[in-house]
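Scroll down for the structure; my scribbles are underneath it.
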Amino acid sequence: MEISRSSTPDAPPQDLWSSILDSVSSSRSIPSKNILLLGQPSTGKSTLASALLQKPASDEGKDDQRTDFALGYDFADVRDDADEDTLARLSVYTVPSASPSYTALLPHFLPPRSSLPHTLVMIVLDWTRPWMFVEELQTWLQWVEKWTKGDGSRELEIIREESRERLQSHLQHYTEPSTDPLPAANSTMSSTLLPLGPGTFTHNSAGVPIIVTCTKADLIDDGNDMAAGASGMGSMVKGKGGEWEERTDGVMQVLRTICLKFGASLFYTTPMPTTLQVLRQYALHLLFIPPAPSPAMVSTEAQAPARNPFPFQHKPNTLDRDHIVVPAGWDSWGKIAVLRDGFDAKMWGEAWEHDLEAHEGSGLEEAGAKRLYSGLVPDQGAKPPPLPPFNNPIPEQAFLAKNYDENSKKSDRDPRGAFRNPADLAGAAAGIVGPLGSSSFNLPNVERAMAEMETNGGPPVQAPSAVDVAARRAVGRAGGASSRPAGLSALGTSVTSPTSATGRPPASPGPTTNSPSPTSGQTQHEVLQNFFQSLLSSRDRAGAAAGAAAAGRPPPRVNGANDDGEEGTST
């Protein structure tokens with residue numbers, strides 16, 4: 001008999017494992033929360049990240065010696081008080097500065113469409129640079145607004161509206177923690193919506209939970225006279241007193257006014273673990289804000305409000321400067337004005353609006369919050385060295401024209417005078433550029449040398465010295481002139497004596513000699529031509545004599561003389 005399979009159970013779905021995993025994940029899912037740390041370099045972000053994750057601080061040293069990544073990331077599990085169950089997975093993202101090259105990476109790792117409902121922004125300010133508070137707040141808050149807008153899709157707009165309603169409900173339902181037991185009518189109080197005060201939650205259209213954290217608050221009370229920008233208020237305030245308190249209270253009032261506009265909270269922290277632990281508790285409290293109740297859920301029956309798994313039980317504190325605690329939803333313009341008389345919160349709120357409009361190009365910088373804040377806290381930061389004064393040189397022609405008249409009147413300062421009258425430099429020192437007329441540098445007398453050659457029967461067989469070459473060049477330059485420079489007639493002491501080659505001293509003709517001058521009837525060019533021609537012929541005869549001596553033949557006669565001593569005639 002054929003077995004019927006109609007009574008068998010239905011076939012399991014093909015995505016069996018997916019359905020099992022989905023059911024398990026939905027029943028035992030661990031929420032994931034993000035904290036985005038924004039701050040300039042060396043503001044204490046690494047210390048805050050270690051405290052939020054409850055991890056020991058790194059041993060790499062101080063913040064100014066650390067090497068920041070383009071985008072820092074770390075995570076830790078948040079467990080209950082008994083350390084039994086894991087309540088959430090906490091991730092902390094850190095950027096080193098407000099440079100666009102760093103902040104442009106955040107949307108890729110924290111896309112607003114998926115991470116906006118689970119992200120808290122913590123803006124870190126450094127009390128060693130209080131004059132930068134307003135400028136840094138404007139930079140970071142404008143970036144947060146740009147990040148939350150994302151791609152502007154319809155889905156993202158719905159998420160932004162839900163987040164804003166949730167934060168607004170949290171601000172309206174805020175109550176100070178009390179040690180007294182909760183009243184029985186707490187459910188009725190939770191359904192009562194209080195209107196927001198003036199200047200409260202006017203910005204932050206996406207409803208992002210924001211905590212403004214001022215680190216190194218322990219340096220506010222440092223009253224030593226330090227150099228500008230060393231630590232604390234630096235040289236802005238000298239010691240403690242009325243002016244010191246007025247300025248620090250004014251800074252706090254400005255910060256509280258700005259935080260009130262964005263629905264943000266304000267905390268001061270120190271390296272002490274107590275202040276850091278309070279900050280961590282409040283950050284977890286904001287990350288788990290319950291969603292806003294729907295209007296359809298409001299009925300005549302009282303319903304239990306949604307419970308925050310991380311309640312915050314610390315009271316606000318605005319008096320202790322080293323651990324200020326101003327939770328979101330507690331502050332108002334009236335409480336800000338109580339701290340110090342004369343503070344106009346409305347004026348500062350309008351000044352903040354002027355800065356935002358000036359950023360868009362309306363040109364209202366003079367009435368902005370940054371200008372007002374610079375009057376309250378002067379800038380004590382390190383300034384770049386000033387530029388050297390501009391050196392405008394005198395034009396070259398103007399400089400020469402200024403000294404032209406003076407130089408033209410004094411001939412000794414005009415270098416062209418030496419060329420105009422060479423005789424003036426006959427006794428000048430050697431080294432002056434101009435005609436050769438120095439008595440310390442003499443040239444040989446060419447006429448005397450020619451006379452010696454005629455008297456002795458020929459020139460000395462030796463290579464001409466460097467002084468002889470200089471003498472010939474000088475005579476060549478003076479060719480055609482009837483008279484030679486005075487220095488040339490006295491230059492005869494440097495010539496090598498002909499006795500070194502002929503063995504007998506030359507008979508130098510004196511001025512009283514009656515023999516006719518060898519240059520009589522000849523021009524200067526003819527004298528020079530004969531002189532150099534005799535040199536060439538003497539070199540040829542000297543070379544032939546050396547060759548004959550080597551071959552064993554008698555040397556040729558000097559000047560063409562035969563054996564009888566008579567001169568031969570050339571044919």
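Judged by distance alone, the side chain of Arg166 and the main-chain N or O of Ala292 form no donor-acceptor pair under 3.5 Å. Side-chain atoms of Gln281 never come within 3.5 Å of backbone atoms of Phe312 as a donor-acceptor pair (strictly under, hydrogens ignored). Side-chain atoms of Asn308 come within 3.5 Å of backbone N or O of Phe288 as a donor-acceptor pair. Side-chain N or O atoms of Arg321 include none that pairs as donor or acceptor with a backbone N or O of Ile220 at under 3.5 Å. Of the possible polar contacts, none joining the Arg113 side chain to the Glu155 backbone as a donor-acceptor pair under 3.5 Å is found. Remark: side-chain polar atoms of Lys45 are paired, donor with acceptor, to backbone N or O of Gln40 under 3.5 angstrom. Not a single donor-acceptor pair under 3.5 Å links the side chain of Thr202 to the backbone N or O of Gly199. Panel note: side chain Gln253, backbone Arg340; a donor-acceptor pair is recorded below 3.5 Å. Thr200 contributes no side-chain N or O that, together with a main-chain N or O of Leu196, makes up a donor-acceptor pair within less than 3.5 Å. With hydrogens and angles disregarded, no donor-acceptor distance shorter than 3.5 Å links the side chain of Asp74 to the backbone of Val92.
Put simply, the side chain of Leu255 reaches to within 4.5 Å of the side chain of Cys214, judged on heavy atoms. Side-chain contact between Arg307 and Pro290 is absent, with no heavy-atom pair separated by less than 4.5 Å. Using a 4.5 Å heavy-atom cutoff, the side chains of Pro271 and Asp218 are in contact. Residues Ile258 and Val254 form a side-chain contact, since some pair of their non-hydrogen atoms from C-beta on lies under 4.5 Å apart. In this structure, the side chains of Lys146 and Gln142 stay at 4.5 Å or more apart for every pair of heavy atoms. Contact annotation: the side chain of Ile210 approaches that of Leu141 to within less than 4.5 Å [non-hydrogen atoms, C-beta and beyond]. The closest side-chain heavy-atom distance from Leu71 to Thr94 is not below 4.5 Å.
When the shell of 6.0 Å around NZ of Lys149 is examined, it contains 12 or fewer heavy atoms from other residues, nucleotides or ligands. Enclosure of atom CE in Met272 is not indicated, since only 12 or fewer non-hydrogen atoms of other residues, nucleotides or ligands lie within 6.0 angstrom.
Exactly one residue among Thr43, Thr47, Asp126 makes a side-chain hydrogen bond (donor to acceptor under 3.5 Å, both in side chains) with Lys216. That residue is Asp126. Between Met122 and the choices Val212, Leu38, Leu48, the side chain to side chain contact (heavy atoms under 4.5 Å, CB included) rule is met once, by Leu48. Between Ser205 and the options Arg164, Glu161, Arg160, a side-chain hydrogen bond (donor to acceptor under 3.5 Å, both in side chains) holds for only Arg160.
Counting all heavy atoms, side chain and backbone alike, Pro117 lies closest to Ser163 at CA-OG, 4.3 Å. Taking each heavy atom of Pro56 and Ser50 in turn, the nearest pair found is O-OG, 4.1 Å. In this structure, Asn317 and Leu319 approach most closely via the heavy-atom pair OD1-N, 3.1 Å. For the residue pair Val208 and Leu167, the shortest heavy atom distance occurs at O-CD2, 3.9 Å. Residues Thr103 and Ser97 come closest through the heavy atom pair CG2-O, 4.1 Å. Heavy-atom minimum distance, Ala206 versus Leu116: CB-CD2, 4.3 Å.
In this structure, Lys315 forms no cation-pi arrangement with Tyr282, as its terminal cationic atom is not both closer than 6.0 Å to the ring centre and no more than 45° off the ring axis.
Ile336 CD1 to Met252 CE: the interatomic distance, rounded to the nearest 0.5 Å, is 11.0 Å. For the atom pair Glu353 CD and Lys261 NZ, the distance stands at 4.5 Å (nearest 0.5 Å). Rounding to the nearest 0.5 Å gives a distance of 11.5 Å between CZ of Arg154 and CD1 of Ile159. Separating the OG1 atom in Thr148 from the CG atom in Asn204 is a distance of 7.5 Å, to the nearest 0.5 Å. Interatomic distance, CD1 of Ile123 versus SG of Cys259, reported as 8.0 Å (0.5 Å rounding). To the nearest 0.5 Å, atom CG of residue Asn34 and atom CG of residue Leu90 are 8.0 Å apart.
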message: Apply side-chain contact (heavy atoms from CB on, under 4.5 Å) to residues Leu260 and Trp330 and explain how you reach the verdict.
response: CA-CA 9 Å; Leu260 189 64; Trp330 174 83; over 6 Å; no
task: Please test Leu125 against Leu137 for side-chain contact (heavy atoms from CB on, under 4.5 Å), starting from the C-alpha separation and ending with a verdict.
output: CA-CA 8 Å; Leu125 304 177; Leu137 279 177; 4.1 Å; yes
task: Verify side-chain contact (heavy atoms from CB on, under 4.5 Å) between Phe267 and Ile324, making sure each step is shown before the conclusion.
output: CA-CA 5 Å; Phe267 278 71; Ile324 297 295; over 6 Å; no
- request: Apply side-chain contact (heavy atoms from CB on, under 4.5 Å) to Tyr373 and Val251, showing your working.
  value: CA-CA 8 Å; Tyr373 189 77; Val251 172; 3.6 Å; yes
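Proximity of the aromatic rings of Tyr268 and Trp127 is defined here by a centroid distance below 6.0 angstrom, and this criterion is met. Not less than 6.0 angstrom separates the ring centroid of Phe201 from the ring centroid of Phe262. Between His285 and His170, the distance separating the two ring centers is shorter than 6.0 angstrom.
Note: Trp140 and Trp143 have perpendicular aromatic rings, judged against thresholds of 30 and 60 degrees for the angle between ring planes. Using the six-membered ring where Trp is involved, Trp348 and Phe343 have ring planes that are parallel, under 30° apart on the 30 and 60° scheme.
Sorted by first and then second residue, the salt bridge (charged side-chain N to carboxylate O under 4.0 Å, His left out) pairs with a member in residues 322-338 read Arg256-Asp331; sequence neighbours excluded.
Annotation: ring pair (Phe, Tyr, Trp, His ring centres under 6.0 Å) contacts of Tyr73 (sequence neighbours excluded): Tyr93.
Side-chain contact annotation: Arg89 with Ser32, donor-acceptor N/O pair under 3.5 Å absent.
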For residues 389-396, tabulate all N or O donor-acceptor pairs below 3.5 Å that involve a side-chain atom, not counting sequence neighbours.
none

